[in-house]
Amino acid sequence: MGDWNTLHVFDDRRFHEETVPRLRGRKGSLEEHYTRYLRTCPRGECDLGIAEIIEISRQFSEDFTSHPGYSTDTGQGGERNFIGSQPWEYHYRRFFEFIVFAECASFYPYFRMGKLFFRGAVDVRPGATAVGGLLARVVDGYRDNPWTWDGDGIRGWLSATEAKVLNDADSIIPTESEYARYVEEFRRFLDVVTKNDLGLLSAVNLAEARLSGSPSPIDNEKLWKGVELEELMGREPPKLA
């Protein structure tokens, strides 16, 4: 079995104006999300309290894309040392994923990226530096990504403004002619996202049972009405017990 790479619709405005301040204890309360999150946890996977979550959240960079204690410059040994010295990291990341998909990202439907298919099928024209950099973030995430320390989780996100830059149909091209249909589907996916002033969130091997239980914070019925895309997966999410 390969990695399950997925691309989701993301409301970056809501993330920065609502979710991040809530995580840092500066706006609203985490109580409702935390209570719902506890119901999804197998034994031993929820070893953080709300006060600890807020304390840890305040350690991250302003845009929440990096943590001062972690850098890939330290190499694999440094990464292992960081993870070993931060017993909260696994538990915190699971809660972070939960609140993101509860408040500002839609788990369903997602654009199918496959194990390596997206990487091998989608390219940019020579000279399209800005588009190429954004596409690389969709595929690889942030350089010092604090959300996939063990290879699974949220890779990174693009703001609505960045998604519009990426949505340059003249720059995004298939690597081979056989991938033309897939790339056209990706362009159409981008069209819907950008016309609604939304961004993108890239992830790998997310916990479907845990994250798909939250009502979508994005109006998917309105967003995807009349849109037919073969690579848009999970238009009708499964009903959970």
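If you read the sequence from its start, that first residue is 1, and numbering goes on from there.
- Around atom CD of E221, no more than 12 heavy atoms belonging to other residues, nucleotides or ligands sit under 6.0 Å away.
- In this structure a side-chain-to-backbone donor-acceptor pair under 3.5 Å is missing from S202 to V139.
- Under a hydrophobic-cluster definition in which Ile, Leu, Val, Met, Phe, Trp and Tyr are linked whenever side-chain heavy atoms come within less than 4.5 Å, directly or via other members, I173 and L166 are assigned to different clusters.
- Linking Ile, Leu, Val, Met, Phe, Trp and Tyr residues whenever their side-chain heavy atoms come within less than 4.5 Å places F186 and V227 in a single cluster.
- Between the NZ atom of K164 and the CD atom of E162 there is a distance of 12.5 Å, given to the nearest 0.5 Å.
- A donor-acceptor pair under 3.5 Å is formed between the side chain of R14 and the backbone N or O of P217.
- Both I56 and L38 are part of a single hydrophobic cluster, where members link through side-chain heavy atoms under 4.5 Å apart.
- In this structure, L135 and F118 have side chains that are in contact, with non-hydrogen atoms separated by less than 4.5 Å.
- E230 and R188 are not joined by a salt bridge, as no carboxylate oxygen comes within less than 4.0 angstrom of a charged side-chain nitrogen.
- Atom OG of residue S66 and atom CZ of residue F60 lie 8.5 Å apart, to the nearest 0.5 angstrom.
- Within the 3.5 Å criterion, the main-chain N or O of Y110 finds no donor-acceptor partner in the side chain of H8.
- A side-chain donor from one of S57 and Y92 sits under 3.5 Å from a side-chain acceptor of the other.
- Across every non-hydrogen atom of V124 and G132, the tightest pair is CG2-CA, 3.9 Å.
- Here R181 does not pair with E184 in a salt bridge; the nearest charged N to carboxylate O distance is not below 4.0 Å.
- Within the 4.5 Å cutoff, the side chain of L190 has heavy atoms near those of the I172 side chain.
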Can W224 and V9 be said to form a side chain to side chain contact (heavy atoms under 4.5 Å, CB included), step by step? CA-CA 11 Å; W224 301 109; V9 178; 3.8 Å; yes
Chi angles and distances behind the side chain to side chain contact (heavy atoms under 4.5 Å, CB included) call for F101, R210: CA-CA 10 Å; F101 280 96; R210 172 179 292 166; over 6 Å; no
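- With contacts defined as side-chain heavy-atom distances shorter than 4.5 Å, the pair F95/L30 qualifies.
- In terms of modelled atom types and a separation under 3.5 Å, the side chain of R137 and the main chain of L158 share no donor-acceptor contact.
- Of all heavy-atom pairs spanning L48 and Y34, the tightest one is O-OH, 2.5 Å.
- One finds the CD atom of Q59 at 10.5 Å from the CZ atom of R24 (value rounded to the nearest 0.5 Å).
- Between D12 and S159, the shortest heavy-atom distance links the atoms OD2-CB, 3.4 Å.
- Put simply, M233 and Y108 are part of the same group of oily side chains (I, L, V, M, F, W, Y) that touch within less than 4.5 Å, one to the next.
- The shortest distance between side-chain heavy atoms of V138 and M113 falls below 4.5 Å.
- With hydrogens and angles disregarded, a donor-acceptor distance shorter than 3.5 Å links the side chain of N5 to the backbone of K115.
- There is a side-chain donor-acceptor pair under 3.5 Å between H33 and E103.
- Note that CD1 of I154 is 6.5 Å distant from CG of L206, once rounded to the nearest 0.5 Å.
- With values rounded to the nearest 0.5 angstrom, L223 atom CG is found 11.5 Å from K195 atom NZ.
- Between Y182 and F111, a ring centre-to-centre spacing shorter than 6.0 Å is recorded.
- In this structure, the side chains of L23 and F96 come closer than 4.5 Å at one or more pairs of heavy atoms.
- With rounding to the nearest 0.5 angstrom, the CZ atom of R22 is 6.0 Å from the CD1 atom of I99.
- R119 places a side-chain heavy atom less than 4.5 Å from the side chain of D140.
- For the pair R36 and F98, the cation does not sit on the ring face, since its NZ or CZ is not both under 6.0 Å from the ring centre and inside 45° of the axis.
- Residue D152 comes nearest to R93 through the heavy atom pair O-NH1, 3.4 Å, listed as atom of the first residue, atom of the second, then distance.
- Nearest heavy atom pair, residue F15 against residue P21, reads O-CD, 4.2 Å.
- A heavy-atom distance below 4.5 Å is not found between the side chains of V122 and Y179.
- Residues E18 and C104 form no side-chain contact, since every pair of their non-hydrogen atoms from C-beta on lies 4.5 Å or further apart.
- In plain terms, the two heavy atoms of V165 and A130 that are nearest each other are CG1-CB, 4.3 Å.
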